[in-house]
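Scroll down for the structure; my scribbles are underneath it.
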Amino acid sequence: MSHGHGDVPEQVKPLRVEAWLFSAGVAFFVPIGLIYGYVADWEAVGTVGFLLLGGMFALAGGYMWITARRIDIRPEDTPTADIEDRAGEVGVFSPHSWWPLVLGVAVTLAFAGIAIGWWMTGLGFAVGIVGLVGQLFEFSRGQHVH
């Protein structure tokens, strides 16, 4: 695979930095959880919290290690890559959509319902469902459009 600066060396592997970062989280939080448990006389909330945090890092790190074996090398994995090697279309964004405003009003109503009354939280959820459906299907014109 070539990125404009010759061939990529064989030792470069995809997702290497991400996998090591999450593995370092496991190597940090599990021993900290055990030390905290010993020092705090195995206090349940903190000990379990640290150990679960280490477990979550293990899930994400394991996913990165497994995924790294199945994907091709990305430009960000290659030290000699240029910024423009990653250029391309990111996605499709509506330049003039009103649905984010509807979703913002829905969140405002839902949180205001905590102080004003739970009926307003329900109204906020209803407006939020309408806004979410509107934003998801904003570009949908049906199956018979030409």
Side-chain angles (χ1 to χ4, degrees), residues 1-114 121-146:
M1 176 177 229
S2 179
H3 289 287
H5 292 288
D7 292 329
V8 175
E10 286 296 321
Q11 67 269 18
V12 174
K13 298 203 178 347
L15 294 174
R16 180 58 57 117
V17 174
E18 293 91 341
W20 278 110
L21 180 70
F22 283 106
S23 298
V26 175
F28 177 76
F29 285 112
V30 171
I32 291 296
L34 295 174
I35 292 168
Y36 177 83
Y38 179 75
V39 170
D41 198 27
W42 302 105
E43 184 267 328
V45 175
T47 305
V48 171
F50 277 122
L51 295 177
L52 285 177
L53 190 58
M56 287 190 291
F57 270 95
L59 283 173
Y63 175 77
M64 294 293 173
W65 285 107
I66 291 170
T67 304
R69 291 188 280 161
R70 290 188 276 150
I71 65 171
D72 292 332
I73 295 174
R74 307 168 301 163
E76 48 269 30
D77 295 322
T78 308
T80 59
D82 293 325
I83 293 174
E84 59 267 7
D85 290 342
R86 190 58 158 161
E89 185 175 321
V90 177
V92 178
F93 304 99
S94 176
H96 54 278
S97 177
W98 285 89
W99 293 112
L101 179 66
V102 174
L103 290 171
V105 169
V107 169
T108 303
L109 288 172
F111 280 111
I114 296 172
T121 301
L123 180 65
F125 279 121
V127 172
I129 289 172
V130 170
L132 187 62
V133 169
Q135 184 158 2
L136 287 174
F137 294 107
E138 183 171 13
F139 293 114
S140 177
R141 300 290 184 242
Q143 60 180 333
H144 301 295
V145 172
H146 298 279

Rounded to the nearest 0.5 Å, what separates atom CZ in Arg69 from atom CG in Leu15?
12.0 Å
Crowded around Leu101 CG? As in, over 12 foreign heavy atoms under 6.0 Å?
yes
When rounded to the nearest 0.5 angstrom, what distance separates CZ in Arg74 from CG in Asp85?
13.5 Å
With respect to Phe50, which candidate in Tyr38, Trp42, Tyr36 satisfies the ring pair (Phe, Tyr, Trp, His ring centres under 6.0 Å) definition?
Tyr36
Working to the nearest 0.5 Å, report the span between CG of Leu103 and OG1 of Thr108.
10.5 Å
If you compare all heavy atoms of Ala81 against all heavy atoms of Pro75, which two are closest, and at what distance to 0.1 Å?
CB-O, 3.2 Å
Short question: side chain of Thr47, backbone of Gly33 - any donor-acceptor pair under 3.5 Å?
no
Measure the CG-CZ distance between Leu51 and Phe29 for me, rounded to the nearest 0.5 Å.
11.5 Å
Rounded to the nearest 0.5 Å, what's the gap from CE on Met56 to CG on Leu59? Could you check?
9.0 Å
Rounded to the nearest 0.5 Å, what separation is found between the CH2 atom of Trp99 and the CG atom of Leu132?
10.5 Å
Please work out whether the ring planes of Trp65 and Trp20 are parallel, tilted or perpendicular, with thresholds of 30° and 60°.
perpendicular
If you take all heavy atoms of Pro14 and Ile73, which pair is closest and at what distance?
CD-CG1, 4.0 Å
Check Val26 against Pro31 and note the closest heavy-atom contact, atom names and distance.
O-CD, 3.8 Å
